[in-house]
Amino acid sequence: MRATAAAAARREAAARARAFAEADARALDGLVSVRPRQAVPRPQPVWDDAEMLVHEPAGERYRRLVLASSSIAHTALAGQFLMITVPPHAGDTILLPRPMAIHRRRPATADQPGTVELIYGVVGRGTRALAAVPVGGTLQVTGPLGRGFEFETGTRSALLIGRGVGICGVMGAAEDAQAAGIRTTMVLSGQRPEQLLGRADCAELGVRVIAVTDDDGSSDLVTLSAGLRAEFDGATPERTPPDVVMVCGAGVLARLAAELGAHWGVPVQASLEAHMACGLGYCHGCAAPVRTDASVEGPLVCADGPVFDARIPVD
Amino acid sequence: MRATAAAAARREAAARARAFAEADARALDGLVSVRPRQAVPRPQPVWDDAEMLVHEPAGERYRRLVLASSSIAHTALAGQFLMITVPPHAGDTILLPRPMAIHRRRPATADQPGTVELIYGVVGRGTRALAAVPVGGTLQVTGPLGRGFEFETGTRSALLIGRGVGICGVMGAAEDAQAAGIRTTMVLSGQRPEQLLGRADCAELGVRVIAVTDDDGSSDLVTLSAGLRAEFDGATPERTPPDVVMVCGAGVLARLAAELGAHWGVPVQASLEAHMACGLGYCHGCAAPVRTDASVEGPLVCADGPVFDARIPVD
Amino acid sequence: MVAVRADTEFPDARAAYAAAPGAATVDLSVRIGSLTLHTPVMPASGCFGPELGALIPVAELGAAVTKTVFGSARGGNPVHRLTEIPAGMVNSVGIPSRGPVGYLATLHPRYAALDVPTIISVGGHRPSEYAPVVAALGENGAAFELNVSCPNLDRNGTDIGSDPAAIREVVAAVRLVTDKPIIVKLPVLVASIADCARAAEEAGADAVCVANSIPAMPLDALTRRPILGNVIGGLSGPSIKPIVLRLVWLASRAVQIPVIACGGVETADDALDYFSVGASAVQVGTASFARPFAAVEVARGLQQRCRDAEVGTIRELLELDAAL
Amino acid sequence: MVAVRADTEFPDARAAYAAAPGAATVDLSVRIGSLTLHTPVMPASGCFGPELGALIPVAELGAAVTKTVFGSARGGNPVHRLTEIPAGMVNSVGIPSRGPVGYLATLHPRYAALDVPTIISVGGHRPSEYAPVVAALGENGAAFELNVSCPNLDRNGTDIGSDPAAIREVVAAVRLVTDKPIIVKLPVLVASIADCARAAEEAGADAVCVANSIPAMPLDALTRRPILGNVIGGLSGPSIKPIVLRLVWLASRAVQIPVIACGGVETADDALDYFSVGASAVQVGTASFARPFAAVEVARGLQQRCRDAEVGTIRELLELDAAL
Ligand SMILES: Cc1cc2nc3c(=O)[nH]c(=O)nc-3n(C[C@H](O)[C@H](O)[C@H](O)COP(=O)(O)OP(=O)(O)OC[C@H]3O[C@@H](n4cnc5c(N)ncnc54)[C@H](O)[C@@H]3O)c2cc1C
Ligand SMILES: Cc1cc2nc3c(=O)[nH]c(=O)nc-3n(C[C@H](O)[C@H](O)[C@H](O)COP(=O)(O)OP(=O)(O)OC[C@H]3O[C@@H](n4cnc5c(N)ncnc54)[C@H](O)[C@@H]3O)c2cc1C
Ligand SMILES: Cc1cc2nc3c(=O)[nH]c(=O)nc-3n(C[C@H](O)[C@H](O)[C@H](O)COP(=O)(O)O)c2cc1C
Ligand SMILES: Cc1cc2nc3c(=O)[nH]c(=O)nc-3n(C[C@H](O)[C@H](O)[C@H](O)COP(=O)(O)O)c2cc1C
Ligand code: FES
Ligand code: FES
């Protein structure tokens, strides 16, 4: 019976969504903290009317957006994000701008404006309306925002881990790593091989890729953890642990990275998400999952993150 | 300056809208009344999922919609209307169905379903969303509704007057007139010749057309009134007054028709509009502009009309 | 039951619809005082009429609810009486009413011909006006819904339903003149919905209905004049649901009597949302205009969900969902 | 004024925007008690921060309004703190506050650096909590906005602002500790907005702000669980405007002091709608998130409209429109 199948599918989806949210919250509980004051000053965010140069499908389930904004492309740091104002679409008005990670930054050249590239999944009202915006117009964006991934001076090697659209969160770090000559491995995780983002980017940046998927079971957390431990077990000079782990994906993935970091004794940086309104630090909408006492407002994902230190709690 | 021009245009549009609404209310004040009990019983309204066979531009500013519904095409009387449920469009939900006059009825044949044809202008949220519905799907409609135009037995000639999309309101009467062998003249009024609806329908139905437009001033109420008086002045057998006048357009046009009716001593029937929710007579949303004492609920456009008797008040 | 029958020569969509209800195998009946409704779905006052008897299988609803009947006959408000804006439907139909005598003479027989209990909505302009109307309606109707979203002329025009003392007065007086179930339909704009619901319960009401439409003032975008002849109208439809959900949640925690939810119900999912915060039944208003069978669809949808999940009550369905 | 300056090497849209205000040739100033604002447009509390100083020409606004400051330091609500649903934005940020001392130490200097008067929003959990905060803020800020949409812990959690007696108590106490203008920001869910506005006026307020966001309970469509960590949040944005318009209309007829309208203002037309029903000024909230310059646009739009119509006040503009 069709209706029964639909109802069953709905119940399953609801169960998955609940289980995911609960696992995420559990995994992040006590895991992250604000990093000490940063060395590089953050760029002043601007708002810009950015021309939409490209807006096309990317892989099986995402959309790629290339925006011309020399100012933002020039100043954005790895792991920073933009707030995208979604224009009204056929009577539907989207009130809140949507935070999106800056996947790639391409500074202006003599004859080309600087661009930023974003990749997003069409999941709800906001991204559905965004997907309908045609190339050629301008999109209003505010950024670059937040505190991103930071390499300590002297870093020689890095392990980056991204899952799904979270790959965009860490790709800026891959760009910085390449520029700084840091030996980098990137784990690309996703449901199916056809959905994996970032292969071409990694090739362009000379980043070694470990692709894992749900399809063949390689993305399973236990399997992945074991594989990475084996990969960086110190048996040969090429197999020494990375100097830093950077991760963007679900909470359980951040926890996995923190466990690896603890195992190897290296710092871990994790990029988080939160519902946002201003992106600038004044609306207090984006509380970070950091335990604080009830009389103190905790850190904010948009201003103190989105990238936090991730460490397995000792309590 | 562009902004100034826009502001001026807005102010002018607002002034026009206000002036129109006030003139309309003034013209209708005391003009209409519910007709005595009708001879032909009204068909039972149904709701139907009607296939959209045609949905295309009509003239310069309207859209034509042909819907397959044998049941409605079979029973609808001249001047009745449908409530059209507008499907949700790209996130915009239209809550209230929109009343639309049945412009043409084409009963089922051996190999074709019966159809009804509607014509509408894209003016607001409702009609904008309707215009986006593609051919091929089904549209939910309720009808036929209301009390339409009725020819008394023995009627030999009729003058029909329609303006703009109001032409659709009277076209059903032209169909009935043709079937009953009633000699019919139809005034088609509109802003510009390119916008006049119904020429082809009148040709098909053998109805004589008097086309008047704002462009050449012929639609001006004084000019039109004088022209029609001259046209039907009784000077020759072809020029005798019509036995009935039927009108659908603004209030001022209904009043003009009532004046002609008084002049010629013939009855006038006028089709009115009102904001509607149910179309069936239970929500009381569509009060007709008929003076009643404060303790009595007056007639309803959907149930007692949309066609009313129009007579110049004697007070 | 008034048969829903299509013209046999040219069938329309009604026939197939009425013929395919899906067996009502699950007992979803709900009690409102001494009255048992076979399904917890009914129309909202003012959004239903006996005219629908020929269009939809009314017997699949738990009850019919009439437009509010006032003590004396009076006309409705000036035009426009309703409109649609992006935020929803706004109506200022007002209170076209023929009084209880006129209602019994003209409308009630048509309600009585429908094969469902009739809940008669009753209104007044001061607390003292309700009981006489209920008394005049006598043994007609299966229950009374007291519409207290009416300006109290004894108290400066503030809604009767926003004043717990006035609610108590209305309900206590009505309780004296009828043994039938009393539902009190509360307004949205109140300081404390819990206090209002408790006042109704303490004075003897058998259920509260939460809530009525939200007073609003739509202006014409071009002319900046009020669209409605009455200037003010009631906002209804899906956009008010998140506001009413909170009120239903608070009212359900405040009283033991059933809470009937009303506000933006379009689908069985909307109904389940309300059930999940404590409602025992729902009313469908605005949704019926675009889809006359909307309330029937909600009732069928609840049956279907329970059947699919192989449970016997909505509570079990919600528990199963919550346990997932 | 904090200069809005773009990087000269790679200019962004801000520079052109800030450079093109259109001459402020019309005097649209408005008085709130002893305070004169050069334009009747300001941000809504909680929807503005000094961070915007570098993004928009803040000096084009009439004032800055702070997020509500409470007596003692406390964190905000659990996540999610905000979301967007079809009916609008819903927030349950709660009241992350550092108390007046913390506010003065950290936030106030950044407000003071903006070239506009700062209106400090003050809250409390019982009527007695407001005056001490205002006293502690002392000579800082140009005016105080009393956010009375706060549960009154002395009275069962009903909003202070829905109880005229509690409003009177709050305002009278604050009046004793400051000579600065007092604005009372009223909630939507009240029995009579006129009674609430009058209570504020009679107790010595210089203006009322109508209104705050509307309490609502958004549920996740899939899981049917509350989206917000706090279960309940405040609905804001364009869909609440028709509801707030009626409240502004009623409040304006009830009091002589200025009424500041707040609810769904996105454009100069929205502001003019509010002015046409009696408001003297407007606040812009939700609209600023998607368009940080929204409030500046409203102020510029009002200038432009007056210039185009060659009138010197908004009243004249509205009269001219009404006379058309
Ligand atoms: C720092 C940051 C970077 C992000 N980068 C990306 C990216 O590169 N690509 C991408 O596809 N998505 C990204 N997201 C999530 C993105 O902002 C969207 O909100 C999310 O995809 C939900 O889609 P929607 O707006 O269509 O959902 P809707 O159903 O319209 O969202 C409803 C509300 O919930 C909020 N919301 C829902 N899901 C999320 C989420 N996961 N994170 C934050 N808010 C959410 C929305 O902002 C909105 O307020 C990022 C989020 C953050 C905080
Ligand atoms: C009996 C009857 C027959 C009609 N026949 C036609 C027709 O053949 N062709 C056609 O184009 N239009 C017809 N109309 C008007 C039509 O129903 C639309 O409401 C109108 O075109 C407004 O367009 P909208 O819905 O896009 O406006 P919106 O701005 O979306 O309308 C807002 C609200 O106002 C109501 N409204 C606005 N204008 C009117 C109006 N003129 N009449 C009734 N309600 C209105 C709408 O129903 C809606 O509730 C008829 C109306 C009636 C009552
Ligand atoms: C046209 C119309 C007329 C209404 N008339 C009444 C009425 O007479 N009495 C009453 O208590 N509520 C009346 N209501 C309110 C509805 O019963 C219901 O409470 C409200 O519309 C919210 O539900 P909804 O969102 O499902 O429409 C009316 C609503 C509408 C739209
Ligand atoms: C994120 C957010 C935070 C808010 N914080 C406060 C606050 O601290 N104090 C207050 O009085 N109102 C607060 N409000 C309410 C707004 O000031 C305003 O009254 C409401 O949002 C309606 O206006 P709008 O529709 O223009 O947003 C807040 C609103 C939002 C959206
Ligand atoms: S999004 Fe506003 S404070 Fe972070
Ligand atoms: S539209 Fe409902 S009574 Fe006429």
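In what follows, chains carry the letters A, B, and so on, assigned in the order in which the sequence lines appear, proteins first and then strands, with residues in each chain numbered from 1.
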Q.
Looking at D/Gln283 and D/Met42, would you say the former's side chain and the latter's main chain have a donor-acceptor pair under 3.5 Å?
A. no
Q) Do NZ/NE/NH1/NH2 and the carboxylate oxygens of D/Asp273 and D/Lys241 come within less than 4.0 Å? A) yes
**Q.** Toward chain A, the part of D/Tyr17 with a non-hydrogen atom under 4.5 Å
**A.** side chain
(Q) Does any backbone or side-chain atom of D/Ala16 lie under 4.5 Å from a heavy atom of chain A? Answer side chain, backbone, both or neither. (A) neither
Q | Per-residue contact mode, D/Arg98 against chain A (heavy atom under 4.5 angstrom) | A | neither
Q: Over all heavy atoms of both residues, which pair between A/Ser70 and A/Gly114 is shortest? Give the atoms and the distance, please.
A: OG-N, 3.0 Å
Q) Using non-hydrogen atoms only, which part of D/Pro78 is less than 4.5 Å away from chain A: side chain, backbone, both, or neither? A) neither
Q.
If we define contacts as heavy-atom pairs under 4.5 Å, which of A/Leu96, A/Ile84, A/Thr85, A/Asp49 has the most with chain D?
A. A/Leu96
**Q.** Contact class of D/Ser236 relative to chain A, heavy atoms under 4.5 angstrom
**A.** backbone
(Q) Quick check on A/Ile94 against chain D: is it the side chain, the backbone, both or neither that has a heavy atom closer than 4.5 Å? (A) both
Q | Contact origin within D/Ile85 toward chain A - heavy atom pairs under 4.5 Å | A | backbone
Q.
Quick check for you: among D/Gly94, D/Pro96, D/Ala290, which has the greatest number of heavy-atom pairs under 4.5 Å with chain A?
A. D/Ala290
Q: Using a cut-off of under 4.5 Å on heavy-atom pairs, state which of D/Gly76, D/Gly49, D/Gly102, D/Gly75 scores highest against chain A.
A: D/Gly75
Q.
Counting heavy-atom pairs under 4.5 Å with chain A, which one of D/Gly237, D/Pro292, D/Cys47 comes out on top?
A. D/Cys47
Q. Would you say A/Asp48's side chain and D/Ala13's backbone share a donor-acceptor pair under 3.5 angstrom?
A. yes
Q. Is it true that A/Arg105 and A/Asp176 make a salt bridge, defined as a side-chain N closer than 4.0 Å to a carboxylate O?
A. yes
(Q) Among D/Pro86, D/Ser288, D/Pro238, D/Gly88, which residue has the highest count of heavy-atom pairs closer than 4.5 Å to chain A? (A) D/Pro86
Q. Measuring heavy-atom distances to chain D, does A/Ser69 have an atom under 4.5 Å in its side chain, in its backbone, in both, or in neither?
A. neither
Q | Ion pair check, D/Glu84 and A/Arg98, cut-off under 4.0 Å | A | yes
**Q.** salt_bridge(D/Arg225, A/Glu22) N-O dist < 4.0 Å
**A.** yes
Q) Are any of the side-chain nitrogens in A/Arg63 or A/Glu117 under 4.0 Å away from the carboxylate oxygens of its partner? A) no
Q: Test A/Thr115 against every option in A/Ile72, A/Leu67, A/Leu53, A/Val54 by the side-chain contact (heavy atoms from CB on, under 4.5 Å) rule and name the one that passes.
A: A/Leu53
